[in-house]
Amino acid sequence: MKRVLTIQDISCLGKCSLTIALPVISALGCETVILPTAVLSTHTMFKNFTVKDLSDQIEPITKHWEDECVKFDAIYTGYLGTVQQIEQMKTIFKTFRGENTLIVVDPVMADNGRLYPAFDMDYVKKNAELCGQADIIVPNITEAAFMTGMEYKEEYDEDYVKTMLSKLNDLGAKISVLTGVSLEKGKTGLMGYDSSTGEYFVYQNRRIDASYHGTGDLFSSVFVGEVMRGKDWRDAMRIAADYTAHTIEVTLLNPEKPWYGVDFEATIPDLLKME
Ligand code: PXL
């Protein structure tokens, strides 16, 4: 069985980061090892959330794993809290990166043209450095604009996305995938670039006019799980995009109208059948 280490916060209520990554990657048949970077009462879109930073636990926990000679097939990082934690990720990559360990960095820090609360340009710079150490990065357009210094645009053409991918590639990851890329009216999806082949990959899906928290984490978790199941990265991306869109549609039908996260629990059985 593949073993995946995922490093992100736990938002106790809110359906994002580890409360998505753990069930989803496990459902895809991987042993999922978690390293929580902080415990929050809810994600940061709620008001008055509490935060307990766990930076001081990262070193002793990983030291114990090192002593136990633990190996990982993949390491996937998501929302981190501080510049110091990004530095800690670099050490973890160095310590646990085996010949075949896939490192996926989702530089979660911004959306819709804006940084999330508590992040600044220093954090952006450090995240760009961390991306440089990954095999695959999956920023959205906002995160990529911040990391590359490009202007954030809501309307753009393929050339804008290609330039952004080329600048992302300069950060140093092997494969860069931009999420939330809309190249046709009524569609959205992704565009990726593989530096080892010079190939682009585009996938466009129906655009759903709804935005929920945690859908980026859902996308990345499915992607990591599917790659671990043996899928090519392009197929894994397509499945992750289709599944995320399907889950948003199912959530929109929920008469309780959940606002803070999607009903991925209802769609996991569908995920397991997707090809
Ligand atoms: O889904 C990304 C995410 C993860 N963790 C926390 C967040 C967010 C987005 O805002 O607040 C704590």
Side-chain angles (χ1 to χ4, degrees), residues 4-25 32 34-55 57-58 75-86 88-89 104-121 123-124 126-127 130-131 134 136-147 152 177-180 188 190 208 210-225 240-241 243-245 247-248 251 258-265 267-268:
V4 176
L5 167 62
T6 181
I7 311 173
Q8 340 189 10
D9 70 281
I10 293 191
S11 292
C12 298
L13 170 74
K15 303 204 218 184
C16 66
S17 42
L18 281 185
T19 60
I20 284 187
L22 177 56
V24 169
I25 300 172
T32 311
I34 60 168
L35 182 54
T37 52
V39 183
L40 292 84
S41 53
T42 62
H43 63 52
T44 59
M45 296 298 128
F46 283 81
K47 288 203 183 81
N48 305 324
F49 59 88
T50 67
V51 191
K52 171 76 179 163
D53 182 278
L54 297 176
S55 300
Q57 293 303 300
I58 290 178
I75 302 175
Y76 152 42
T77 66
Y79 186 104
L80 306 167
T82 59
V83 162
Q84 180 206 354
Q85 281 186 347
I86 296 180
Q88 289 176 308
M89 295 309 112
V104 179
V105 170
D106 185 354
V108 180
M109 61 181 160
D111 207 359
N112 301 314
R114 286 210 304 258
L115 286 171
Y116 291 144
F119 296 144
D120 56 17
M121 285 315 287
Y123 191 81
V124 170
K126 284 281 168 209
N127 244 335
L130 191 68
C131 283
I136 307 186
I137 57 172
V138 285
N140 61 35
I141 298 241
T142 305
E143 288 153 352
F146 276 110
M147 291 195 293
Y152 169 76
V177 176
L178 265 173
T179 62
T188 190
L190 32 102
I208 308 159
S211 107
Y212 284 100
H213 233 63
T215 48
D217 304 333
L218 191 63
F219 174 87
S220 301
S221 300
V222 172
F223 170 71
V224 170
Y243 171 69
T244 305
T247 303
I248 295 171
T251 307
W259 67 269
Y260 59 76
V262 286
D263 291 347
F264 71 94
E265 302 88 339
T267 56
I268 281 186

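Just follow the structure's listing: the first ligand is 1, and inside any ligand the first atom is 1.
Using modelled atom types and a 3.5 Å distance limit, the side chains of Thr44 and Tyr116 yield no donor-acceptor pair. At a cut-off of 3.5 Å, with distance as the only test, no side-chain donor of Thr244 or Thr215 sits close to an acceptor on the other residue.
Among residues two or more places apart in sequence or in another chain, the ring-ring contact (aromatic ring centres under 6.0 Å, His included) test is passed with Tyr123 by Phe119.
Using the six-membered ring where Trp is involved, Tyr260 and His43 have ring planes that are perpendicular, over 60° apart on the 30 and 60° scheme.
Looking at Gln88, its side chain does come within 3.5 Å of a backbone N or O of Ser55 through a donor-acceptor pair.
Sorted by chain and number, the residues within 4.0 Å of ligand 1 by heavy atom are Asp9, Ser11, Cys16, Ser17, Leu40, His43, Thr44, Met45, Tyr79, Val108, Tyr116, His213, Gly214, Asp217.
Between Lys15 and Asp263, at least one side-chain nitrogen of the basic residue sits less than 4.0 Å from a carboxylate oxygen of the acidic one, meeting the salt-bridge criterion.
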